[in-house]
Amino acid sequence: MGRYDLALIGFGGVNRALAELISQSGERLAKELGFALRVVAITDLRAGSLVDTDGIDLAPLLAAESGELSFAGLAGGSADPRNEWVIREVPADIVVEATFTNPTDGEPALSHVRWALESGKHVCTTNKGPVALAGRALKQLAAARGVSFEYEGSVLSGTPILRTAERLFGGLEITGVQGIMNGTSNYILGRLEEGVELSAAIAEAQELGYAEADPTADIEGHDVQLKVMILANEVLGADLRREDVFCEGISAITPHEVRDAASKGLRWKLVGSATRHEDGSVDARVAPLALPAQHPLAGIFGPVNAVAFHTDLLGTVTVSGPGAGRTETAYALLSDIIAIHQRHADDDTAPTHPVLQEAHRV
Ligand SMILES: NC(=O)c1ccc[n+]([C@@H]2O[C@H](COP(=O)([O-])OP(=O)(O)OC[C@H]3O[C@@H](n4cnc5c(N)ncnc54)[C@H](O)[C@@H]3O)[C@@H](O)[C@H]2O)c1
Ligand SMILES: N[C@@H](CCO)C(=O)O
């Protein structure tokens, strides 16, 4: 059985959840998927870096509270994240980028992804910055190096919205998308309706692992702005920049307005949308809307998100599922790794996958 060696860049909620999955369910997954997963490097701004090309023992790291973790003093460890050295020099097959999303210029995640692809390593990421701001260039770089760049978790967490559109909507013309694409703001709006104070609702979303490290991006709509750009670029053939997408968040909506709207059968939702016109141009925006209760998006609660695709042959097709959460987003990374395996199953470097080989023979 083959194996993929992973370098985890950023060891916060999402990459820790991936490490947990590998540590606790690795054997079951290997049997089911036909390949094993091993972590050979971890870097983190706070914990430093840890490298063991024979495979890091994850259990003791996962037993420590994330705030207390320090790799300095461990064999192969350092207080310095050494991101560029780890990404370029440690012999990993896949670099898993899950550091903070920077909506302004995508850095330093954009450099992390570029270094990995330049070094001939596959990349999977949940980081919206590089995908929204430089996705096209990164995909070209990946293609030139013969590696994969996967980012299912950048929109709707583990809910496979990008792959659904890419693989299952063949032959359909998609003319627009509209959806709730931020778990934190949706959770907060629901809690405001229940009478919880804004600051308490934000703290809950942080504790539950939904919010960005700086929740401003969730509240002010910048997170949805990036997701709308990714979706529009992927499914509408657009090439949007941030300034092309009007953006208003939920900070101006008072708890009183939320409850008043609810008493009138309306629900405030932060809605992202993009529409392609006949001349090929694409309009995109993010804004709060008070939706009537019978609107399909009005019934989407908590960290659940939903995106409606407007199509020529099927009318509206809506995909709904978790939009945030550590484990849910770690699943997106696993689905990216599976996609990398499926795409490269015939490469010399890919591990043996009996199921796929069988499928190829048929
Ligand atoms: N949590 C979710 O529900 C979710 C869902 C989809 C996408 N995402 C995205 O996934 C990424 C990770 O999310 P998370 O919830 O794990 O965030 P997090 O804040 O819990 O973890 C991020 C980690 O990255 C580390 N880090 C930051 N800058 C670094 C650097 N330069 N070098 C090394 N490490 C660095 C931090 O120390 C932190 O431990 C973010 O970009 C987020 O937007 C998160
Ligand atoms: N902070 C984001 C994480 C998922 O991208 C959200 O709440 O939707």
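Whatever order the structure lists ligands and atoms in, that order sets their numbers, starting from 1.
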J.: Using a strict 4.0 Å cut-off to heavy atoms of Tyr210, name the atoms of ligand 2 that fall inside it.
T.: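 Result: 1 (N), 2 (C), 3 (C), 6 (C), 7 (O).
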
J.: In ligand 1, which numbered atoms sit nearer than 4.0 Å to a non-hydrogen atom of Pro108?
T.: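 Listed by number with element: 31 (N).
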
J.: When you measure from atom 30 (C) of ligand 1 to every protein heavy atom, which one gives the shortest distance, and what is it?
T.: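 Nearest protein contact, heavy atoms only, for atom 30 (C) of ligand 1 is Asn83 ND2, 3.8 Å.
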
J.: Taking 4.0 angstrom as the limit and counting only heavy atoms of Thr101, give me the atoms of ligand 1 inside it, by number and element.
T.: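 Within the 4.0 Å cut-off of Thr101, ligand 1 contributes 40 (C), 41 (O), 42 (C), 43 (O).
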
J.: Identify the closest protein heavy atom to atom 23 (C) of ligand 1: which residue and atom is it, and at what distance?
T.: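 That would be Gly12 N, 3.7 Å.
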
J.: Where on Asp218 is there a heavy atom closer than 4.0 Å to ligand 2, on the side chain, on the backbone, on both, or on neither?
T.: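 The side chain, only.
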
J.: Numbering the atoms of ligand 2 from 1, which are under 4.0 Å from a heavy atom of Asn182?
T.: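 Listed by number with element, the hits are 2 (C), 6 (C), 7 (O), 8 (O).
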
J.: Looking only at protein heavy atoms, which one is nearest to atom 1 (N) of ligand 1, and how far off is it?
T.: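 Here the nearest protein heavy atom works out to Gly209 O, 3.0 Å.
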
J.: Please test Ser78 against Asp80 for side-chain hydrogen bond (donor to acceptor under 3.5 Å, both in side chains), starting from the C-alpha separation and ending with a verdict.
T.: CA-CA 5 Å; Ser78 164; Asp80 181 349; 5.3 Å; no

J.: Name the one of Asn127, Asp214, Asp223 that satisfies side-chain hydrogen bond (donor to acceptor under 3.5 Å, both in side chains) with Thr101?
T.: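 Going through Asn127, Asp214, Asp223 one by one, the side-chain hydrogen bond (donor to acceptor under 3.5 Å, both in side chains) with Thr101 is satisfied by Asn127 alone.
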
J.: Is a side-chain N or O of Ser251 found less than 3.5 angstrom from the main chain of Ile219, in a donor-acceptor match?
T.: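 Judged by distance alone, no pair lies under 3.5 Å.
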
J.: Go through ligand 1 atom by atom and flag the ones less than 4.0 Å from a non-hydrogen atom of Gly10.
T.: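 Close to Gly10: 24 (O), 25 (C), 34 (N).
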
J.: Of the protein's non-hydrogen atoms, which lies at the shortest distance from atom 7 (O) of ligand 2, and what is that distance?
T.: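 Answer for atom 7 (O) of ligand 2: Thr184 OG1, 2.6 Å.
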
J.: Do side-chain atoms of Lys121 reach the backbone of Val113 as a donor and acceptor pair under 3.5 angstrom?
T.: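 No; judged by distance alone, with no hydrogens or angles, the pair does not exist.
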
J.: Starting from atom 5 (C) of ligand 1, which protein heavy atom do you reach first, and at what distance in Å?
T.: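 For atom 5 (C) of ligand 1, the nearest protein heavy atom comes out as Thr329 OG1, 3.1 Å.
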
J.: Heavy-atom distances under 4.0 Å decide this one: backbone, side chain, both or neither, for Ala324 against ligand 1?
T.: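 Near ligand 1, Ala324 shows its backbone as well as its side chain.
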
J.: Does at least one non-hydrogen atom of Ser157 fall below 4.0 angstrom from an atom of ligand 2?
T.: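 Ser157: no contact with ligand 2 (<4.0 Å).
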
J.: Counting each atom of ligand 2 from 1 as listed, which ones have a heavy atom of Gly323 under 4.0 Å away?
T.: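 Answer, ordered by atom number: 4 (C), 8 (O).
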
J.: When you measure from atom 8 (N) of ligand 1 to every protein heavy atom, which one gives the shortest distance, and what is it?
T.: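 I find the closest protein heavy atom is Thr126 O, 3.7 Å.
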
J.: Taking all heavy atoms of His112 and all of Asn83, pick out the closest pair and write down the distance.
T.: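 Scanning both residues, the minimum pair turns out to be NE2-ND2, 3.6 Å.
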
J.: Name the orientation class of the two ring planes belonging to Phe71 and Phe11 (parallel below 30°, tilted from 30 to 60°, perpendicular beyond 60°).
T.: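 The arrangement is tilted - the two ring planes meet at 30° to 60°.
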
J.: Of all the atoms in ligand 1, which lie at a distance below 4.0 Å from a heavy atom belonging to Glu212?
T.: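 Per the distance check, 42 (C), 43 (O).
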
J.: Between Asn305 and ligand 2, does any nitrogen or oxygen pair lie at a separation below 3.5 Å?
T.: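 Not met; the criterion fails.
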
J.: To which of Leu45, Val86, Leu8, Thr43 does the heavy atom nearest atom 28 (N) of ligand 1 belong?
T.: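 Residue with the shortest heavy-atom distance to the ligand atom: Leu45.
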
J.: List the closest protein heavy-atom neighbour of atom 11 (C) of ligand 1: residue, atom name, distance to the nearest 0.1 Å.
T.: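 For atom 11 (C) of ligand 1, the nearest protein heavy atom comes out as Thr99 O, 3.3 Å.
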
J.: Quick one: are His222 and Cys247 in side-chain contact, heavy atoms under 4.5 Å?
T.: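 Answer yes - side chains close enough.
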
J.: In terms of ring plane angle, is the pair Tyr210 and Tyr187 parallel, tilted or perpendicular, where the classes change at 30° and 60°?
T.: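 Because their plane-to-plane angle is over 60°, the rings of Tyr210 and Tyr187 count as perpendicular.
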
J.: With a 4.0 Å heavy-atom cut-off (strictly under), which part of Arg16 contacts ligand 1: side chain, backbone, both or neither?
T.: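 Neither; no heavy atom under 4.0 Å.
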
J.: For the residue pair Ser335 / Arg163, report whether a side-chain donor-acceptor contact shorter than 3.5 Å exists.
T.: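 Judged by distance alone, the side chains do pair up.
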
J.: Could you check atom 13 (O) of ligand 1 against the protein and tell me its nearest heavy-atom contact, residue, atom and distance included?
T.: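 The closest heavy atom on the protein side is Val14 CG2, 3.6 Å.
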
J.: Does the side chain of Thr99 come under 3.5 Å of the side chain of Glu97 through a donor N or O and an acceptor N or O?
T.: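 Yes.
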
J.: Checking contacts here: is it the side chain or the backbone of Lys128 that comes within 4.0 Å of ligand 1, counting heavy atoms only? Could be both or neither.
T.: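 Side chain only.
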
J.: Of all the non-hydrogen atoms in the protein, which one sits nearest to atom 8 (O) of ligand 2, and at what distance?
T.: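 Result: Gly183 N, 2.8 Å.
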
J.: Please could you name the atoms of ligand 2 that Glu212 approaches to less than 4.0 Å, counting only its heavy atoms?
T.: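 The list of qualifying atoms is 1 (N), 2 (C), 3 (C).
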
J.: Using a 4.0 Å cutoff against the non-hydrogen atoms of Gly325, which atoms of ligand 1 qualify?
T.: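 Near Gly325, the atoms of ligand 1 are 2 (C), 3 (O).
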
J.: Any chance the side chains of Thr175 and His310 put a donor and an acceptor closer than 3.5 Å?
T.: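 No, no side-chain donor-acceptor contact under 3.5 Å.
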
J.: Starting from atom 38 (C) of ligand 1, what is the nearest protein heavy atom, named by residue and atom, and what distance separates them?
T.: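 Of the protein heavy atoms, Asp44 OD1, 3.5 Å lies nearest.
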
J.: In terms of ring plane angle, is the pair Phe35 and His341 parallel, tilted or perpendicular, where the classes change at 30° and 60°?
T.: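 Tilted, since the angle between the ring planes falls between 30° and 60°.
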
J.: Does at least one non-hydrogen atom of Ile9 fall below 4.0 angstrom from an atom of ligand 1?
T.: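 No; Ile9 lies far enough from ligand 1 that no heavy-atom distance drops under 4.0 Å.
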
J.: List every atom of ligand 2 that sits less than 4.0 Å from any heavy atom of Lys227, numbering the atoms from 1 in the order shown and giving each element.
T.: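 Answer, ordered by atom number: 2 (C), 4 (C), 5 (O), 6 (C), 8 (O).
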
